[in-house]
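Source: prediction; values computed, not measured. Just so we're on the same page: letters track the sequence lines, and every chain starts at 1.
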Amino acid sequence: MPRKSTPPSEPLPTERQERLETFKKYTVEHAMLLRKDDELTQRIWEPGGFAFLLLSGPTGVGKSELLRVITFRRQTRVQVVPPGDRLPLPVILVETPAPFTYREWYERVLRALDEPFIEEVTYREIGTSLNGKKATSGRGRASTKTLDEAPELRWPVEKALAKRRVLAICFDEAQHLMAARETEDLKRCWDWLKSLSNTTGVLFVLAGPYPLLKFRRVSSQAARRSTDVHFPRYRLENPEDCSAFQGALLALLKQACLAVSGREAKKTELQLLMDHWPLF
Amino acid sequence: MGLRPSRRLKDLESHPILDALVFGLRADAPAKRSTPVKRPMGGRSPVNLAEVPVYGEYR
């Protein structure tokens, strides 16, 4: 008997909503994703002298999910921790603030490192509220201190990175570093990153769409010290890509059927949809 | 034509993919499939599901 569908004005029943959430969280382990996972993981283990890695690709291709999974996998790997030491975090993931501010970025890094003194450091900063904006001081006057580069947060960040033995920091949405910026600002940003990389020895993984690649043109040194991983879409003219895409689609359709109907998909249903795979 | 005012024209469009997922293939589906349909991207042959790579969940 056909299932009665829920009117659009009504929320889904709990059980169906849960199935939908499961589907939304599902990511298929398809060929391109696995290749990029291998590449990125190897570069994090052995950067080969590079200080920066640019992970570029079109929007929606899976860069953020790749970073999330690699970070999670590295952090949850069983590690031996000497008594008194904190658990190492070999990789951390930080979304680049938009608009970018150094202060917000430092704070996000400290939160990603689960540093207990983050709020203490932030509050101690004269005239600064938690969101990094200027605030009135205790006597009701606005602070005149320049807050741009938040140098007082740099030392805690460097210390925390060393303590947690961080190998790589992944900047998701790294294009925000250069959004609507003048060349001089970009150079300044590059100098800041280079300096941070020199003092910490950490690999910076900058992930974003193709405009990110102009970061390499900031200076010859930026080009020399960075490498890249390209995460492209599958291409229709490449038979191997078509096959991998079909595999990914098939896996998703099976999950979609589970989400919608709560049962395994029938072969006839899958065939009907798979025959139209280029439309997906 | 007696279109009820509360129903939009959009609601009356057919959604074969969503319908197939929600209700399964209907009895009249084979008749529809027998209609010659121009395949997208230049007439590809049907996909052999046995040859499609099988992928699990990425984690």
Taking atom [atom1] as the centre, does [X] end up with more than 12 heavy-atom neighbours from other residues, nucleotides or ligands that are less than 6.0 angstrom away?
X: R235(A); atom1: CZ; value: no
X: F72(A); atom1: CZ; value: no
X: E65(A); atom1: CD; value: yes

Quiz prompt | Min side-chain heavy-atom separation T27(A)-E57(B) under 4.5 Å | solution =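 A side-chain contact under 4.5 Å is absent here.
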Self-check item: Note, Y58(B) side chain near L66(A) side chain (heavy atom, < 4.5 Å)
Solution: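 The answer is yes, as the side chains (C-beta and beyond) meet within the 4.5 Å cut-off.
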Quiz item: Closest heavy-atom contact between Y26(A) and Y55(B)?
Solution: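 Minimum heavy-atom separation between Y26(A) and Y55(B): OH-O, 4.5 Å.
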Exercise. Of all the heavy-atom pairs spanning L250(A) and V52(B), show the shortest one and how long it is.
Key: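 For L250(A) versus V52(B), the nearest heavy atoms are CD2-CG1, 3.8 Å.
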Got a second to check how far [X]'s [atom1] is from [Y]'s [atom2], nearest 0.5 Å?
X: L49(B); Y: T268(A); atom1: CG; atom2: OG1; result: 10.0 Å
X: M274(A); Y: N48(B); atom1: CE; atom2: CG; result: 10.5 Å
X: R59(B); Y: R68(A); atom1: CZ; atom2: CZ; result: 10.0 Å

For [X], which atoms come within 4.5 Å of any heavy atom of chain B: side chain, backbone, both, or neither?
X: A31(A); answer: both
X: K267(A); answer: both
X: A244(A); answer: both

Self-check item: Region of V54(B) that comes under 4.5 Å of a non-hydrogen atom in chain A
Solution: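 Neither; nothing under 4.5 Å.
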